[in-house]
Amino acid sequence: MLELELVHRECMSFSQQLQDTWKQVGFATPLEQIKHGDLQKWLGALTQLPNLSSVHTVIGESIRINSCNLSPAQRDALSNAVNALIPWRKGPFSLFGLEIEAEWRSDLKWRRVFGHLDLNSKSVLDVGSGNGYFGYRMLQAGAKSVTGLDSTLLPVMQAAMVNHFARLPNVVVPVRYGMEDWRTTYDVVFSMGVIYHQKDQVVHLSHLYDSLHEGGLVVLETIVADQPFCPKGRYAGMRNVRFIPSLKSISDAMDVAGFSQIRIVDISTTTSAEQRSTKYMPFRSLKDVLSESDTEVTIEGYPAPKRAMILAEKN
């Protein structure tokens with residue numbers, strides 16, 4: 001089982017420390033080969049973060065990192081880095097008293113699934129992980145290590161910032177799952193809020209199946225509708241929503257992919273208590289993409305988001 005050596009080396013820059021951590025989970029692409037117009041701006045802010053010899057991480061509804069009092073200059077560097085990485089989609093986080101209220105109250109989603117899981121001493125893959133919030137909750141639930149994959153670089157850098165201080169085995173790397181080679185297998189694989197963006201859902205499920213050890217568990221969360229449909233244009237303001245399944249169609253697809261013991265453990269309608277605009281995600285959110293006259297319908301005329309949590313096993 002992989003054990004990370006997440007230690008700070010004062011002689012190493014933020015970029016060097018990050019690449020060293022990435023290599024330990026199997027991602028060896030140099031930062032200079034990653035093409036993104038904002039990467040240097042982000043790294044410029046992150047490089048100013050202090051290397052602290054002692055921190056205290058408390059994992060609960062909010063991921064809270066504390067230390068002795070930071071100097072004014074260190075607090076300014078922290079605030080500048082957090083602001084440079086807006087928008088924050090998943091959270092909440094609290095960094096040395098700076099409360100980062102993200103768009104999603106991700107703790108509410110976690111509350112709906114963690115009671116159905118046994119992650120004790122498990123290796124976990126989190127596909128479409130975002131900034132690593134759920135990875136910390138997985139560690140809290142007993143996971144030995146969590147590797148997150150996300151194709152969007154901004155949340156990857158947010159994850160790098162948080163773990164610069166937390167130094168826990170919860171590492172997010174910039175990998176487009178299914179499009180880039182990732183052959184490591186795990187005890188548990190999460191795919192939450194990913195599958196409805198896929199061109200072929202059975203292919204995505206087959207990749208998840210292949211990422212599991214024999215006897216492993218998949219945790220799949222997806223928007224569902226009473227009848228499956230393919231949105232024309234956007235769905236709830238989102239681009240690239242390919243297909244909204246029904247409970248039956250997604251269960252059938254999981255069966256085709258080889259999963260067994262398929263069980264639906266939660267169905268919840270998304271509300272503005274869970275997804276909303278905040279200071280750290282100041283753009284439009286759920287209330288802006290629902291019909292003003294009928295909140296059960298999106299502005300495009302589709303059923304409003306309802307999410308199912310599904311567990312299944314690899315034989």
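This is a predicted model, so every value here is computed, not measured.
Residues Asp150 and Val156 approach most closely at O-CG2, 3.7 Å, considering heavy atoms. Summarising the geometry of Val194 relative to Gly128, their closest heavy-atom pair is CG2-CA, 3.9 Å, with the distance given to 0.1 Å. When every heavy atom of Ala84 is checked against every heavy atom of Trp42, the shortest pair comes out as O-NE1, 3.4 Å. Taking all atoms of both residues into account, the shortest heavy-atom contact from Met281 to Pro87 is CG-CB, 3.5 Å. In this structure, Ala102 and Thr278 approach most closely via the heavy-atom pair O-CG2, 3.3 Å. Closest non-hydrogen pair, Ser251 versus Ile262, comes out as O-CD1, 3.6 Å.
Hydrophobic clustering (ILVMFWY, side-chain heavy atoms < 4.5 Å, transitive): Leu117 and Met192 are in one cluster. Placement of Leu31 and Val175 within a single hydrophobic cluster is found when ILVMFWY residues are connected by side-chain heavy-atom separations under 4.5 Å, directly or transitively. There is no path of hydrophobic side-chain contacts, each under 4.5 Å, that joins Val241 to Val297. Cluster annotation: Ile264 and Val189 are assigned to the same hydrophobic cluster (Ile/Leu/Val/Met/Phe/Trp/Tyr, side-chain heavy-atom contacts under 4.5 Å, transitive). Both Leu208 and Trp182 are assigned to one and the same hydrophobic cluster, defined by single-linkage of ILVMFWY side chains at heavy-atom distances under 4.5 Å.
In this structure a side-chain-to-backbone donor-acceptor pair under 3.5 Å is missing from Thr152 to Leu154. Side chain of Ser277 to main chain of Phe283: a donor-acceptor pair is present (N/O by atom type, distance under 3.5 Å, no hydrogens or angles). No donor-acceptor pair closer than 3.5 Å links the side chain of Trp88 to the backbone N or O of Pro155. With hydrogens and angles disregarded, no donor-acceptor distance shorter than 3.5 Å links the side chain of Ser79 to the backbone of Arg75. With hydrogens and angles ignored, the 3.5 Å screen pairs a side-chain donor or acceptor of Asp288 with a backbone N or O of Ser285. In terms of modelled atom types and a separation under 3.5 Å, the side chain of Asp118 and the main chain of Asn120 share a donor-acceptor contact.
Ring geometry, Phe229 versus Tyr302: the interplanar angle falls under 30°, so the pair is classed parallel (tilted spans 30 to 60°). Between His164 and Phe14, the ring planes lie tilted relative to each other; the angle falls in the 30° to 60° range.
Annotation: side chain of Lys314 is not in contact with side chain of Val218 (no heavy-atom distance under 4.5 Å). Counting heavy atoms from C-beta on, the side chains of Trp22 and Val171 come closer than 4.5 Å. In this structure the side chain of Arg276 reaches within 4.5 angstrom of the side chain of Glu101, judged on heavy atoms. By the 4.5 Å heavy-atom criterion applied to side chains, Leu49 and Met161 are counted as neighbours. Side-chain atoms of Lys279 and Ile86, non-hydrogen and from C-beta on, never get closer than 4.5 Å to each other. The shortest distance between side-chain heavy atoms of Ser123 and Thr185 does not fall below 4.5 Å. Side-chain atoms of Pro303 and Asp226, non-hydrogen and from C-beta on, never get closer than 4.5 Å to each other. Residues Asp76 and Gln48 have side chains not in contact (no heavy-atom distance under 4.5 Å, counting atoms from C-beta outward).
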Hey, mind stepping through Leu153 and Asp38 against side chain to side chain contact (heavy atoms under 4.5 Å, CB included) and telling me if it holds? CA-CA 9 Å; Leu153 192 59; Asp38 289 323; over 6 Å; no

Apply the test side chain to side chain contact (heavy atoms under 4.5 Å, CB included) to residues Met238 and Asn240: give CA-CA distance (whole Å), side-chain angles for both, the deciding distance (0.1 Å), then the verdict. CA-CA 7 Å; Met238 292 185 288; Asn240 196 34; over 6 Å; no

If you apply the rule side chain to side chain contact (heavy atoms under 4.5 Å, CB included), what do you find for Leu125 with Thr184, and how did you get there? CA-CA 9 Å; Leu125 177 68; Thr184 309; over 6 Å; no

Let me see the working for Glu313 and Arg263 under salt bridge (Lys or Arg N to Asp or Glu O under 4.0 Å), right down to the final yes or no. CA-CA 10 Å; Glu313 295 173 14; Arg263 52 204 185 274; 3.6 Å; yes

Would you sort out whether Met157 and Leu85 count as a side chain to side chain contact (heavy atoms under 4.5 Å, CB included), showing the intermediate values? CA-CA 8 Å; Met157 302 312 292; Leu85 296 174; 4.1 Å; yes

If you apply the rule side chain to side chain donor-acceptor pair (under 3.5 Å), what do you find for Asp126 with Tyr133, and how did you get there? CA-CA 10 Å; Asp126 187 7; Tyr133 172 88; over 6 Å; no

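Note that OG of Ser106 is 11.5 Å distant from CZ of Arg89, once rounded to the nearest 0.5 Å. Rounded to the nearest 0.5 Å, atoms CD (Glu221) and CZ (Arg112) are 7.0 Å apart. We find the OG1-CD distance between Thr47 and Gln17 to be 10.0 Å, quoted to the nearest 0.5 Å. With rounding to the nearest 0.5 Å, the separation of CG in Asn131 from CG in Asn163 is 11.5 Å. Summarising the geometry, atom OG belonging to Ser67 is positioned 8.5 Å from atom CD belonging to Gln74; distances are rounded to the nearest 0.5 Å. To the nearest 0.5 Å, atoms CD1 (Ile299) and CZ (Arg284) are separated by 4.5 Å.
Within 6.0 Å of the CG atom in Asp294, the count of heavy atoms belonging to other residues, nucleotides or ligands exceeds 12. No more than 12 heavy atoms of other residues, nucleotides or ligands lie within 6.0 Å of CD in Glu292, so this atom counts as exposed by the packing criterion. Enclosure of atom CD in Gln227 is not indicated, since only 12 or fewer non-hydrogen atoms of other residues, nucleotides or ligands lie within 6.0 angstrom. Within 6.0 Å of atom CZ in Arg176, 12 or fewer heavy atoms from other residues, nucleotides or ligands are found, so the atom counts as exposed in its surroundings.
For Phe165 and Phe96, the ring centers sit closer than 6.0 Å to each other. A distance of 6.0 Å or more separates the ring centres of Phe134 and Phe190.
Inspection of the Ser13 and Ser15 side chains reveals no N or O donor paired with an N or O acceptor under 3.5 Å. With no hydrogens or angles considered, no side-chain donor-acceptor pair links Tyr177 and Ser191 at under 3.5 Å. Under the 3.5 Å distance criterion, with hydrogens and angles disregarded, no donor-acceptor pair is assigned to the side chains of Gln275 and Thr270.
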For residues 59-66, which side-chain N or O atoms pair as donor and acceptor with protein atoms under 3.5 Å away, sequence neighbours left out?
| unit_1 | atom_1 | unit_2 | atom_2 | d |
| --- | --- | --- | --- | --- |
| Glu61 | OE2 | Arg111 | NH2 | 3.0 |
| Arg64 | NH2 | Ser94 | OG | 3.3 |
| Arg64 | NH2 | Glu99 | OE2 | 3.0 |

Check: residues 252-259 side-chain donor-acceptor pairs under 3.5 Å, at least two apart:
| unit_1 | atom_1 | unit_2 | atom_2 | d |
| --- | --- | --- | --- | --- |
| Asp252 | OD2 | Lys248 | NZ | 2.7 |

